[in-house]
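Structure first, then comments.
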Amino acid sequence: MNDQGLSSYFQFSNVDWGNMLTSTWETLWLTIVSMLVVAILGIALGLLLFETTDSHNPLVRLLNWVVALFVNVFRSIPFIILIVLLLPITQKLVGTIIGPRAALPSLIISAAPFYARMVELAFHELDHGVVEAAESMGATRWQIIRKVLLPESMPALVSGITVTTISLIGYTAMAGAIGAGGLGNLAYQDGFQSNNNAITLVATVIIVIIVFIFQFLGDLAVKHIDKRA
């Protein structure tokens with residue numbers, strides 16, 4: 001019978017380091033790919049929400065309501081439930097419901113609405129005097145978006161995607177528990193279910209290190225682009 005005392009966490013001879021390296025790469029791949037897609041979708045949705053707010057056009061107001069409903073609904077569904085809910089769609093999109101690729105639709109659909117709200121908030125907190133100055137100089141709406149809204153909000157956008165990415169890392173661990181690969185899958189299947197506490201500990205430490213790295217890079221990027229710093 002396996003030793004399940006405190007010392008079992010430090011029996012590193014029980015760790016298959018090849019599998020640990022593969023799982024680490026799967027977690028990084030899942031995080032980076034989903035982060036890039038979430039950043040694009042989140043900015044697009046957040047910008048759409050911002051631009052359609054307080055419009056007097058009924059069609060534009062309807063569009064705002066539809067987008068806001070999508071954002072509010074999907075950011076409210078617990079991730080583990082969303083994975084199960086999207087299984088048929090995942091099967092159609094990627095051809096499988098097991099492995100790292102199968103986690104991508106759920107990761108993106110859960111995180112993009114969350115980030116979209118952060119993007120919308122960043123735009124609303126922007127100094128309206130800067131926008132009004134651009135309008136008085138005859139800038140078109142697209143020019144204001146491209147040359148004022150996005151550049152001036154960039155520190156908040158980068159800070160938001162950093163927070164979202166850290167959430168995504170946690171989501172990848174949850175997705176791993178139902179066969180999506182990565183460190184979460186390794187910790188659950190080879191660690192918890194096999195009573196191998198050393199694997200669970202090592203996988204946890206690696207996930208924490210990954211979180212620290214993304215947080216450090218995000219903070220560094222914000223400090224570099226923030227003109228107020």
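- Looking at Gln143, its side chain does come within 3.5 Å of a backbone N or O of Thr140 through a donor-acceptor pair.
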List, one per line, each side-chain donor-acceptor pair under 3.5 Å for residues 75-95, sequence neighbours excluded.
unit_1, atom_1, unit_2, atom_2, d
Ser76, OG, Asn72, O, 2.4
Thr90, OG1, Leu86, O, 2.9
Gln91, NE2, Gly95, O, 3.2

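- Side-chain contact between Leu30 and Leu168 is absent, with no heavy-atom pair separated by less than 4.5 Å.
- Phe216 and Ile209 fall within a single hydrophobic cluster, where Ile, Leu, Val, Met, Phe, Trp and Tyr side chains are chained together by heavy-atom contacts under 4.5 Å.
- Between atom CG of residue Asn195 and atom CG of residue Asn14 there is a gap of 11.0 Å, rounded to the nearest 0.5 Å.
- Legend: side-chain hydrogen bond (donor to acceptor under 3.5 Å, both in side chains) pairs involving residues 19-43, not counting sequence neighbours, sorted by first then second residue: Asp16-Asn19.
- Rounding to the nearest 0.5 angstrom, the gap separating the OH atom in Tyr188 from the CD atom in Gln193 is 4.0 Å.
- Glu132 pairs by the salt bridge (charged side-chain N to carboxylate O under 4.0 Å, His left out) definition with nothing, not counting sequence neighbours.
- Taken from OG in Ser159 to CE in Met118, the straight-line distance is 6.0 Å, to the nearest 0.5 Å.
- Proximity of Val119 to Leu45: side-chain heavy atoms (C-beta onward) are nowhere separated by under 4.5 Å.
- Contact annotation: the side chain of Leu201 never approaches that of Asn197 to less than 4.5 Å [non-hydrogen atoms, C-beta and beyond].
- In the hydrophobic cluster analysis, where Ile, Leu, Val, Met, Phe, Trp and Tyr join through side-chain heavy atoms closer than 4.5 angstrom, Phe50 is grouped together with Leu126.
- Phe123 has its side chain out of reach of Ile145: every pair of non-hydrogen atoms, C-beta onward, lies at least 4.5 Å apart.
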| field | Working for side-chain contact (heavy atoms from CB on, under 4.5 Å), residues Ile108 and Val33 | value | CA-CA 9 Å; Ile108 293 167; Val33 172; 5.8 Å; no
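- Proximity of Ile32 to Phe214: side-chain heavy atoms (C-beta onward) are separated by under 4.5 Å at one or more points.
- Interatomic distance, Leu149 CG to Leu157 CG, rounded to the nearest 0.5 Å: 9.5 Å.
- Considering only heavy atoms from C-beta on, Thr164 stays 4.5 Å or farther from Met35 through its side chain.
- Both Leu47 and Val158 belong to a common hydrophobic cluster when Ile, Leu, Val, Met, Phe, Trp and Tyr are linked at side-chain heavy-atom distances under 4.5 angstrom.
- Counting non-hydrogen atoms of other residues, nucleotides and ligands closer than 6.0 Å to CG of Asn57 gives a total above 12.
- Note that CG of Asn196 and OH of Tyr9 are 11.0 Å apart. Values are rounded to the nearest 0.5 Å.
- Among residues two or more places apart in sequence or in another chain, the side-chain hydrogen bond (donor to acceptor under 3.5 Å, both in side chains) test is passed with Thr53 by none.
- Without hydrogens or angle criteria, Ser106 side chain to Ala103 main chain gives no donor-acceptor distance under 3.5 Å.
- Residues Val130 and Asp127 have side chains in contact (heavy-atom distance under 4.5 Å, counting atoms from C-beta outward).
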Side-chain atoms of residues 59-67: list all donor-acceptor pairs with protein atoms under 3.5 Å, sequence neighbours left out, distances to 0.1 Å.
unit_1, atom_1, unit_2, atom_2, d
Asn64, ND2, Leu49, O, 3.3
Asn64, ND2, Thr52, OG1, 2.8

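- Across all their heavy atoms, Ile161 and Thr165 have their closest contact at O-OG1, 2.6 Å.
- Separation of atoms CD (Glu120) and CD (Glu125) is listed at 11.0 Å; rounding is to 0.5 Å.
- Of all heavy-atom pairs between Val148 and Ala134, the closest is CG2-CB, 3.8 Å.
- Partners of Ala203 according to the side-chain contact (heavy atoms from CB on, under 4.5 Å) rule, which considers only residues two or more places apart in sequence or in another chain, are Met20, Leu183, Ala187.
- By the rule that hydrophobic residues join a cluster once side-chain heavy atoms approach within less than 4.5 Å of another member, Ile169 and Leu21 end up as members of separate clusters.
- Residue Phe12 qualifies as enclosed at atom CZ: its count of foreign heavy atoms under 6.0 Å is above 12.
- With hydrophobic clusters built from ILVMFWY side chains whose heavy atoms lie under 4.5 angstrom apart, Leu217 shares a cluster with Tyr115.
- Phe70 and Phe74 have their aromatic ring centers within a separation under 6.0 angstrom.
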